Amino acid sequence: MDTYTVKIPFFDPFAVSESGQCFRMDACANGFSLIAGGERLTITPQPDGYFRFSCDEQVFLRKWASYFDLDTDYGRFQDILRLSPDPFLCAAAEHGRGVRILRQEPWEMLICFLISQRKSIPAIRRAVELLCTHFGAPLNDGSFTFPTPEKLDSLPEEALRSCGLGYRTPYVAAAARSVASGETNLTALASLPDADLETALRRLPGVGPKVAACVMLFGFHRLSAFPRDIWMNRAAELCGGEFALCGCEGFEGVVQQYIFCYARQNRNLLFSAGSI
DNA sequence: GACCAGGTATTGC
DNA sequence: GCAATACATGGT
């Protein structure tokens with residue numbers, strides 16, 4: 001088995017797996033394992049900030065270095081947030097220092113975040129996994145890739161519904177139809193400026209401001225996108241209603257991920273309502 | 001068995 | 001415009 005070991009700053013696979021941006025990354029015996037781009041990858045943490053990946057150097061450099069966004073300087077984000085006037089942002093950034101914005105596939109992000117609305121993260125993971133095991137392509141280790149637009153488009157809605165999609169079933173079906181037919185060309189959308197990309201995504205039924213922002217941030221690497229979810233609203237209340245994001249222009253989405261992880265990890269501490 | 005979940009579309013004012 | 005409401009199903 002080929003492996004490649006490399007030192008990566010500002011990278012914590014656990015933090016990434018808990019960040020809610022991906023739904024197919026799990027803890028395993030050796031560390032963490034994920035499926036993306038039609039392949040499984042295992043990440044084994046090593047001492048002193050090194051990580052061992054289950055692929056050779058060439059594949060890592062060609063594929064995974066980009067996936068883990070190694071060209072982006074997260075140290076700069078950390079430096080800026082450390083000096084933020086908002087103590088909540090300082091704490092969130094420190095807590096989330098190992099989070100990176102993965103460069104995931106737009107199609108997969110579109111479907112995952114259509115499903116995500118009013119579902120808990122465990123429920124999202126379950127629905128996504130059912131979609132993959134039922135309609136994805138098998139890998140040699142018994143797992144499955146994320147299904148293609150053509151595959152989902154070929155299915156009766158009842159087949160989609162059986163994966164627990166509920167009322168989101170027609171949203172997923174319409175997205176599959178639009179992408180498979182070429183009406184929505186996700187590759188072409190990648191070259192649009194942020195505002196036009198958002199407009200195009202929101203033409204799809206079930207894509208509102210929050211889902212569009214997630215697809216932009218996690219699928220198109222638009223780091224300015226700031227998905228406003230219930231965790232942002234809860235956390236913002238602790239900050240007097242709104243976050244002080246001045247100075248964070250261009251990487252608001254990274255800040256959002258820091259806040260998301262921090263708020264969820266400390267839900268009992270921060271939100272004493274208890275029932276959350 | 002309530003209650004809530006990475007929201008959105010629709011309706012009514 | 002903006003507030004209220006329905007929405008399928010699963011996790012806790």
Side-chain angles (χ1 to χ4, degrees), chain A residues 15-26 92 95-96 99-102 104-106 108-134 155-176 178 184 198-238 241 243 252-268 270-276:
Chain A
V16 173
S17 72
E18 291 290 302
S19 69
Q21 65 177 303
C22 57
F23 303 101
R24 304 197 72 199
M25 181 170 176
D26 296 291
H95 176 89
V99 176
R100 287 171 168 270
I101 309 296
L102 304 179
Q104 301 182 81
E105 293 191 8
E108 183 171 340
M109 293 301 96
L110 174 60
I111 298 306
C112 286
F113 285 99
L114 275 172
I115 292 171
S116 75
Q117 55 187 264
R118 276 184 66 88
K119 263 187 183 301
S120 66
I121 288 184
I124 299 165
R125 298 178 89 102
R126 178 179 177 278
V128 169
E129 215 46 46
L130 284 173
L131 270 184
C132 294
T133 54
H134 290 181
L155 300 169
E157 287 204 1
E158 282 319 303
L160 294 174
R161 192 177 296 274
S162 71
C163 297
L165 304 195
Y167 69 89
R168 309 156 193 83
T169 299
Y171 298 160
V172 171
S178 185
T184 296
E198 181 182 1
T199 300
L201 290 171
R202 289 188 59 175
R203 288 202 188 97
L204 296 165
V207 178
K210 193 276 177 181
V211 171
C214 285
V215 177
M216 291 174 69
L217 179 57
F218 305 130
F220 290 93
H221 205 71
R222 303 303 172 95
L223 298 188
S224 295
F226 188 94
R228 280 196 191 275
D229 57 31
I230 50 172
W231 293 101
M232 294 310 105
N233 294 333
R234 285 172 184 159
E237 280 187 36
L238 300 177
F243 302 110
E252 294 90 338
V254 178
V255 182
Q256 192 272 3
Q257 282 287 277
Y258 292 155
I259 298 168
F260 183 84
C261 294
Y262 182 61
R264 282 176 57 87
Q265 204 89 52
N266 298 290
R267 62 183 79 189
N268 295 323
L270 295 170
F271 311 104
S272 50
S275 63
I276 299 172

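What you see is a predicted model, and the numbers here were worked out from it, not measured in a lab.
- Side-chain contact, A:T169 with A:E157: no donor N or O sits under 3.5 Å from an acceptor N or O.
- In this structure, the CZ atom of A:R118 is 8 Å from the P atom of B:dA5, given to the nearest Å.
- At the heavy-atom level, A:R126 lies under 4.0 Å from the strands shown only through sugar-phosphate atoms.
- As a whole-Å value, the separation of A:L130 CG from C:dG10 P is 9 Å.
- Judged by distance alone, the side chain of A:R222 and the main-chain N or O of A:L217 form no donor-acceptor pair under 3.5 Å.
- Using a 4.0 Å heavy-atom criterion, one finds that A:Y171 contacts the sugar-phosphate atoms exclusively.
- As rounded to the nearest Å, C:dA8 and B:dG1 have P atoms that lie 22 Å from one another.
- The CG atom of A:N233 sits 11 Å away from the P atom of B:dA5 (whole-angstrom rounding).
- Using a 4.0 Å heavy-atom cutoff across all strands shown, A:G206 reaches sugar-phosphate atoms only and no base atom.
- When the nearest nucleotides of DNA chain B are assigned to A:P205 and A:I121 by heavy-atom distance, the more 5′-ward of the two goes with A:I121.
- Rounded to an integer number of Å, the gap from A:L114 CG to C:dC7 C1' is 15 Å.
- We find that A:E158 and A:R161 are joined by a salt bridge, their nearest charged nitrogen and carboxylate oxygen being less than 4.0 Å apart.
- A straight line from CH2 of A:W231 to C1' of B:dC4 spans 11 Å, rounded to a whole angstrom.
- Whole-Å rounding puts the A:F23 CZ to C:dG11 C1' distance at 16 Å.
- Protein atom CD1 of A:I124 is 8 Å distant from nucleotide atom P of B:dG7, rounded to whole Å.
- The ring of A:F23 has its center closer than 6.0 angstrom to the ring center of A:F113.
- Checking C:dA8, B:dT8, C:dG11 against every side-chain atom of A:R161, the shortest atom distance belongs to C:dA8.
- Rounded to a whole Å, the CZ atom of A:R203 is 14 Å from the P atom of B:dA9.
- Where A:A123 and A:Q117 each meet DNA chain C at their nearest nucleotide, the meeting point lying more 5' is that of A:Q117.
- A salt bridge does not link A:E129 to A:R125: none of the charged nitrogens lies less than 4.0 Å from a carboxylate oxygen.
- Among the atoms of the strands shown, base atoms are found under 4.0 Å from some heavy atom of A:S19.
- Mapping A:P122 and A:Y167 onto DNA chain C by nearest heavy atom places A:Y167 at the nucleotide closer to the 5' end.
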